[in-house]
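Scope of the values below: all heavy atoms of this structure, side chains included, with no hydrogens, waters or symmetry mates.
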Amino acid sequence: MPEFARLPGFRDFPPEELGLKSHILDAWRRVSRRYGFEEYDGPPLEPLELYVEKSGDEIVEQLYAFEDKGGRWVALRPEMTPSLARILAERARALPKPIRWFTAPQLFRYERQQRGRLREHFQWNVDIVGETDVAADAEVLAVAIDGLRELGLTSEDFRARVSHRGLLAALLGRCGVREEAVPAAFTAIDKLGRETGERTRARLAEIGLGREQLDEVLSLFEGADTVAIASRYGEDAAVARDLRSVTRCFELLDAMGLADYVQFDLTIVRGLAYYTGTVFELFDCRGELRAICGGGRYDRLLELVGGDPLPAVGFGMGDVVLAELLQERRLAPPYSRAVDYYIVTIGPAERPLALRIARRLRDRGHSVSYALADQSVKKQFSSANAEGARRVVILGPEEAAAGVVKVRDMASGGESTISLEELGG
Ligand code: HAM
């Protein structure tokens, strides 16, 4: 046993495991840029206050928080949205709207250990700030969907489930849930799929719902689509308004050719406190994994952290569940090492020339490797293979004297003699 074990819930990234993470992060960056988003970042440590009451109890319970040496209460960032709100509270006024920003930070949450949930993860955040139109909601959903399509996943693999908090609040109101009980009802509904029906009933009963109200609330989630809701509750002004917003969001995604990737699902509420409108989560179609992505509209958060009131919508997508899904679908790229050239020297006398050749090749942008200590030719060839060299440059006393080198193509085995000048020596 090594003396120091890794902390539970944290990962090491040796090269062969870093490859998959880089593959994911590269795809996220490409898609963000394709949609015209600019990259930003912030500090990993923030004032504890930034999360309390803004993110919601669940995340606050999971904070890595402590008092620093200056007596400040600080926390490792568990999510990026409060930092984004803080950064923009200071700068948004000077920026043209809407602001389209993305980032992919490492985040920290002291979670209960379970599949797909660790104590650190990388999370792609894509947000549009300064636009109330539901076209912004559809746009960020399209970015999330394309982020997964870019990695080879299709509508057979995942689905975005979309709902609206305002709509759900209005429907709960129609079922007799008092306004002040709505947040507690949201918490109960958020846990619907993860807890037994009995536990949900108990949670709803705790907030004072009678048997009939309880049955009506639960009937909302039994396959209710937008048409059924409209025909039953459509005369309610708030229901009608938020249903229009949801319907428009689906129309826009349909126009983008993404209808197969989205479905309406009233059980999506989201655990975080700040969402005010559209909410969505992306799941694998087989329903085996935790959520891949979650997001929604949060029109009051910027104001809450002291900025101008600015509407905002965005999402966070983690690398952990996504890596599991890619591995399951055999979409993770195989790890391979590769250098353009490996220089094999027959004896120590050729070493200075080898170093000169390496310098020239590297200056031209090629990757080059060689043995750092004197080694047999056989050992050098086996290192060249292990490092995935595409070509081996062989340098012996005769070649050096004649101003040439032998170059072996490792895939074909073919050898050619070329002048040092040609190689850049
Ligand atoms: P969230 O739902 O807490 O939202 O996290 C978003 C995604 O991050 C999850 O769907 C999951 O893929 C990943 N994730 C979260 N916690 C963990 C964990 N402990 N281990 C592995 N992966 C995890 C937010 O954080 C919002 N701030 C997203 C957002 C951005 N909303 C608007 N803009």
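- Between R11 and D319 there is a salt bridge, since a side-chain N of the basic residue sits under 4.0 Å from a carboxylate O of the acidic one.
- In terms of heavy-atom proximity, L63 sits nearest to A75 at CD2-CB, 4.1 Å.
- Checked by atom type and distance alone, the side chain of S369 never pairs as donor or acceptor with a backbone atom of Y342 at under 3.5 Å.
- Remark: R109 engages I59, Q62, P78, E79, E111, H121, Q123 in a side-chain contact (heavy atoms from CB on, under 4.5 Å) (not counting sequence neighbours).
- Within 6.0 Å of CD on E180 lie more than 12 heavy atoms contributed by other residues, nucleotides or ligands.
- Rounded to the nearest 0.5 angstrom, E222 CD and D215 CG are separated by 9.0 Å.
- The CZ atom of F122 sits 9.5 Å away from the OG atom of S22 when rounded to the nearest 0.5 Å.
- Residues S416 and E422 have side chains not in contact (no heavy-atom distance under 4.5 Å, counting atoms from C-beta outward).
- Remark: side-chain polar atoms of T276 are paired, donor with acceptor, to backbone N or O of D299 under 3.5 angstrom.
- Put simply, the side chain of L253 reaches to within 4.5 Å of the side chain of M256, judged on heavy atoms.
- Residue R203 places its CZ atom among more than 12 non-hydrogen atoms of other residues, nucleotides or ligands, all under 6.0 Å distant.
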Practice task
Dump the intermediate steps for side-chain contact (heavy atoms from CB on, under 4.5 Å) on V405 and I418, then the final yes or no.
Solution key: CA-CA 6 Å; V405 291; I418 63 169; 4.0 Å; yes

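- In summary, E139 and R100 engage in a salt bridge, as defined by a charged side-chain N under 4.0 Å from a carboxylate O.
- Contact check for L88 versus L310: no side-chain heavy atoms found under the 4.5 Å cut-off.
- Between S83 and L50, the shortest heavy-atom distance links the atoms N-CD2, 3.9 Å.
- Looking only at side-chain heavy atoms (C-beta outward), E324 and E288 stay at 4.5 Å or farther from each other.
- Using a cut-off of 4.0 Å between Lys/Arg side-chain N and Asp/Glu carboxylate O, E49 and R86 are scored as not salt-bridged.
- Of all heavy-atom pairs between Q213 and C175, the closest is CG-O, 3.4 Å.
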Exercise for the section: Take D146 and R149, measure what salt bridge (Lys or Arg N to Asp or Glu O under 4.0 Å) needs, and give me the verdict at the end. Expected result: CA-CA 5 Å; D146 272 355; R149 290 177 67 234; 2.7 Å; yes

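- In this structure, I207 and A184 approach most closely via the heavy-atom pair CG2-CB, 3.3 Å.
- Considering only heavy atoms from C-beta on, Q327 comes within 4.5 Å of L20 through its side chain.
- In this structure E303 satisfies the salt bridge (Lys or Arg N to Asp or Glu O under 4.0 Å) test with no other residue, sequence neighbours excluded.
- Judged purely by distance below 3.5 Å, without hydrogens or angles, the side chains of D260 and S155 never pair a donor atom with an acceptor atom.
- A search for side-chain hydrogen bond (donor to acceptor under 3.5 Å, both in side chains) contacts involving D157 returns T154, R329, not counting sequence neighbours.
- Using a cutoff of 4.0 Å between basic side-chain nitrogens and carboxylate oxygens, K97 and E131 are not scored as salt-bridged.
- The two residues D254 and A259 come nearest to each other via the heavy atoms OD1-CB, 3.5 Å.
- A cation-pi arrangement is present between R161 and F283 under the rule of less than 6.0 angstrom and at most 45 degrees off the ring axis.
- At least one side-chain heavy atom of I145 sits under 4.5 Å from a side-chain heavy atom of F158.
- When each of R165, R300, H164, R270 is tested with Y275 by the rule side-chain hydrogen bond (donor to acceptor under 3.5 Å, both in side chains), just one qualifies, namely R270.
- Here CZ of R117 is found 10.0 Å from CG of L289. Values are rounded to the nearest 0.5 Å.
- Using a distance-only test at 3.5 Å, with no hydrogens or angles considered, no donor-acceptor pair links the side chain of R290 to the main chain of G116.
- Looking at heavy atoms from C-beta onward, F250 lies in side-chain contact with V262 at the 4.5 angstrom threshold.
- Heavy atoms from other residues, nucleotides or ligands lying under 6.0 Å from OH of Y110 number 12 at most.
- The number of heavy-atom neighbours closer than 6.0 Å to CZ of R93, taken from other residues, nucleotides and ligands shown, is 12 or below.
- The distance from atom OG1 of T132 to atom CG of D137, rounded to the nearest 0.5 Å, is 9.5 Å.
- No donor-acceptor distance shorter than 3.5 angstrom exists from the side chain of S245 to the backbone of R241, with no hydrogens or angles considered.
- Using a distance-only test at 3.5 Å, with no hydrogens or angles considered, a donor-acceptor pair links the side chain of Q380 to the main chain of Q375.
- Remark: side-chain polar atoms of R91 are not paired, donor with acceptor, to backbone N or O of L95 under 3.5 angstrom.
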Exercise for the section: Report the C-alpha separation of V339 and Y341 in whole Å, then their side-chain angles, then the decisive distance to 0.1 Å, and conclude whether the side-chain contact (heavy atoms from CB on, under 4.5 Å) test is met. Expected result: CA-CA 6 Å; V339 285; Y341 292 95; over 6 Å; no

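- E179 CD: 12 or fewer foreign heavy atoms inside a 6.0 Å radius.
- Checking side-chain atoms of T103 against main-chain N and O of N125 turns up no donor-acceptor pair under 3.5 Å.
- Heavy atoms of other residues, nucleotides or ligands lying less than 6.0 angstrom from CD of Q113 number more than 12.
- Residue T226 holds its OG1 atom at 13.0 Å from CG of D242, rounded to the nearest 0.5 Å.
- What you find for V393 and L423 is that their closest heavy atoms are CG1-CD2, 4.0 Å.
- The CG atom of L361 lies 9.5 Å from the CZ atom of R391; values are rounded to the nearest 0.5 Å.
- In this structure, L209 and V217 have side chains that are in contact, with non-hydrogen atoms separated by less than 4.5 Å.
- By the 6.0 Å contact criterion, CD on E198 is open, its count of non-hydrogen atoms from other residues, nucleotides or ligands being 12 or less.
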Practice task
Starting from the C-alpha separation in whole Å, work towards a yes-or-no answer on side-chain contact (heavy atoms from CB on, under 4.5 Å) for F280 and V140.
Solution key: CA-CA 11 Å; F280 57 87; V140 295; 4.3 Å; yes

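- Looking at R30 and D26, no side-chain N of the basic residue comes within less than 4.0 Å of a carboxylate O on the acidic one, giving no salt bridge.
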Problem - Verdict with reasoning, F37 to I128, per side-chain contact (heavy atoms from CB on, under 4.5 Å) - result: CA-CA 9 Å; F37 283 77; I128 297 180; 3.7 Å; yes

Problem - Pair T81-Y274, side chain to side chain donor-acceptor pair (under 3.5 Å): steps then yes or no - result: CA-CA 10 Å; T81 316; Y274 47 68; 3.3 Å; yes

